[in-house]
Amino acid sequence: MFSADRPFVQARKYVRAVMSEIPKRNGWTVAEHVGDRTPDKTQRLLNRARWDEAAAMAEIRRFAVSGLEEAARKSGRRRGKLVIGALDETGQQKKGEATAGVKRQHMGCAGRVENGINMVHLSYVREGTGHALIGFRQWIPEGHLTDPVRALRMGLPADLTFRTKGQLAIDICTTATTDGIRPDFYCGDEVYGNCTELREHFEADEQAYVLRVQKNFRITLPSGTVLSCEQATKTLLKHKRRWEIRSAGKGSKGDRWYAWAWIATASQRHYLLIRKHLRTGELAFHYCFVPEGQLLTKTRLIRAAGLRWPVEEGFEFGKDSFGLDQSQARLYTAIARHTVLVCAALAVCAVTAALLRDRTNSQASEPAHPDQPPPADPGMIPLTIPEIKHLTADTTRRPSENTAHWVNWRRKHQARSRWHHKRTRLARDTKITQVS
């Protein structure tokens, strides 16, 4: 993985800086934090040092998966719980035109068209335990690859070929499978659900999936009729009795309730799962595949669809706590190496949070009715990834008394807020449960 001890030592320093409290993580700030006289060593680590970032990512992937599995085993949450591979992309805004992969495009992080780069990620989600980012590929516009001068300036590998985001997802999932990682389902939004090549890859590999698709996605009914998702929903799901109100899983404020329905297709292993927002009526469509011999129920598909959101939380933690989008790197390899080292820091904190979840959870019992008075002591939520990062920000000494105080204060405040949120929603949730 590393050709000599020096890159390893510098990489360890870089991860330590990523986990620190410095406001920005770039070559200058990282070098200053680890005690270097200039940013040369940091820049060499990302740009020119001889080490295998793909092999390093494989080690991180195996560490995260085995750590979360061990946490699930120790907590007794392993049996009957789903394991999800959640696919999604995240962006990083950039200035100018010199950065590898930079292009004016819609950036979810900005909510508008901006100049930036995009990275496809895979999150390993173990239901009831935790999640971590375990794989990625950067999306490079075709125009960068066909321009030899620009490709050379951006440090693009000579053998790099254009891949769509769906094809990059195939590459990531293939690598995960090679490492022995086979989740119960792969999940993703419309970018991945509309990729025929990705769906065919999963089906050829006997891999179940629940992928979002657009309303104009066409399905073949058992009768042979071909309809769009929107048309099939209007035609076959007119009556309320065809819908079932169920939770898509628990969030920080309680259950996330939606109305659900499913429609059979000409294939016995494919279904269209529809989610309807209870207040707005907004529809979301999921095209689902479960191989022969595996359990196929609407409940299981709903659980899988509801477990896609942790990848968004992984992006939030990666950016806010570890500087996933702060590298200021421009070359292709440097961007990848920064991402690997951030994923290492995130995996360490994610596994630690999962292992300590039960030991650090002292929340008061959930409210039983809407008029219940709040508890005198709300307790504390379990240690989260950001809080573990705060406690381990300086690895040369024990956390200060002030740091520990504020970590516990925030956990207690969040426990109190969660209790009140759940009580506020209890009356509505009770009605929903009775209707369903």
Side-chain angles (χ1 to χ4, degrees), residues 1-2 7-8 10-20 25 30 45-46 51-75 77-78 83-88 90 119-138 172-173 175-181 183 307 309-327 335-357 360 382-393 395:
M1 183 167 62
F2 292 95
F8 174 75
Q10 198 64 30
R12 187 170 58 185
K13 289 181 178 180
Y14 196 98
V15 173
R16 191 174 70 196
V18 162
M19 296 177 68
S20 73
R25 284 88 171 170
V30 168
L45 173 72
L46 297 182
W51 62 280
D52 190 339
E53 58 273 8
M57 192 66 226
E59 291 293 331
I60 295 165
R61 180 164 46 250
R62 287 189 281 269
F63 166 79
V65 170
S66 62
L68 291 174
E69 184 176 355
E70 177 69 8
R73 186 189 64 80
K74 287 185 175 181
S75 66
R77 296 192 185 93
R78 188 176 178 182
V83 175
I84 300 297
L87 293 161
D88 204 355
T90 188
M119 197 88 71
V120 177
H121 281 266
L122 172 64
S123 178
Y124 180 85
V125 183
R126 184 168 276 278
E127 186 179 18
T129 300
H131 55 88
L133 300 177
I134 63 168
F136 69 90
R137 294 286 191 282
Q138 186 182 355
I172 299 169
C173 296
T175 302
T177 301
T178 302
D179 281 346
I181 300 169
L307 283 170
W309 66 267
V311 67
E312 299 287 352
E313 189 174 74
F315 294 156
E316 179 184 350
F317 292 158
K319 292 181 178 183
D320 293 348
S321 297
F322 305 106
L324 181 63
D325 60 343
Q326 297 176 5
S327 67
I335 294 170
R337 289 179 171 184
H338 170 78
T339 305
V340 166
L341 297 173
V342 169
C343 286
L346 179 59
V348 168
C349 292
V351 170
T352 304
L355 290 169
L356 295 178
R357 177 172 177 170
T360 59
L383 276 171
T384 61
I385 292 174
E387 298 299 5
I388 288 173
K389 177 254 186 182
H390 289 312
L391 292 172
T392 58
T395 56

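Counting from 1, the numbers follow the sequence of the chain as shown.
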Distance, nearest 0.5 Å, that separates CE of Met19 from NE2 of His390
11.5 Å
Residues Pro310 and Val125: closest non-hydrogen pair is CG-CG1, 3.8 Å
What's the spacing between Glu70 CD and Arg126 CZ if we round to 0.5 Å?
10.5 Å
Step by step, would you call Arg61 with Tyr124 a side chain to side chain contact (heavy atoms under 4.5 Å, CB included)?
CA-CA 9 Å; Arg61 180 164 46 250; Tyr124 180 85; over 6 Å; no
So, taking the atom named OG in Ser66 and the one named CD1 in Ile181, what distance separates them when rounded to the nearest 0.5 Å?
9.5 Å
Taking all heavy atoms of Phe322 and all of Ala345, pick out the closest pair and write down the distance.
CD2-CB, 3.8 Å
Ion pair present between Arg73 and Glu69, side-chain N to carboxylate O less than 4.0 angstrom?
no
Parallel, tilted or perpendicular: which one describes the rings of Phe317 and His131, with boundaries at 30° and 60°?
parallel
Kindly determine whether Leu46 and Ser327 satisfy side chain to side chain contact (heavy atoms under 4.5 Å, CB included), including the steps that lead there.
CA-CA 10 Å; Leu46 297 182; Ser327 67; 5.7 Å; no
How many angstroms lie between CG in Leu45 and CG in Leu341, if you round to the nearest 0.5 Å?
6.0 Å
Is any side-chain heavy atom of Val340 closer than 4.5 Å to a side-chain heavy atom of Phe136?
yes
When you compare the side chain of Val15 with that of Val348, does any pair of heavy atoms fall below 4.5 Å?
no
Which atom of Val351 lies closest to which atom of Gly67, heavy atoms considered:
CG1-CA, 3.8 Å
With the side chain counted from C-beta on, respond yes when Leu383 and Leu391 share a heavy-atom pair under 4.5 Å apart, and no when they do not.
yes
Which distance, rounded to the nearest 0.5 Å, do you find between the CZ of Arg25 and the CG of Asp325?
9.5 Å
For a 4.5 angstrom cut-off between non-hydrogen side-chain atoms, does Ile84 reach Pro183?
no
Keeping Arg337 on the side-chain end and Trp51 on the backbone end, is there a donor-acceptor pair under 3.5 Å?
yes
To the closest 0.5 Å, what do you measure between CD (Gln326) and CG (Asp320)?
8.5 Å
Got Thr339 and His121 here, is their nearest side-chain heavy-atom distance under 4.5 Å?
yes
Taking all atoms of both residues into account, what is the closest heavy-atom pair of Cys349 and Ile385, and its distance?
CB-CG2, 3.8 Å
Measure across Ala347 and Ile60 and return the closest heavy-atom pair with its distance rounded to 0.1 Å.
CB-CG2, 3.9 Å
So, the side chain of Ser75 versus the backbone of Ala72: is there a donor-acceptor pair under 3.5 Å, distance only?
yes
Are Leu346 and Leu324 side-chain neighbours, meaning at least one heavy-atom pair lies under 4.5 Å?
no
Quick one: are Lys319 and Thr90 in side-chain contact, heavy atoms under 4.5 Å?
yes
Can you see which heavy atom on Met119 is nearest to which on Ile335, and at what distance?
CE-CG2, 3.7 Å
Go through it in stages, so that I can follow the logic: the residues are Glu312 and Asp88, the test is side chain to side chain contact (heavy atoms under 4.5 Å, CB included), and I'd like the CA-CA distance, side-chain angles, deciding distance and then a yes or no.
CA-CA 8 Å; Glu312 299 287 352; Asp88 204 355; 2.6 Å; yes
Mind checking whether Thr175 and Arg137 have side chains closer than 4.5 Å, heavy atoms only?
yes
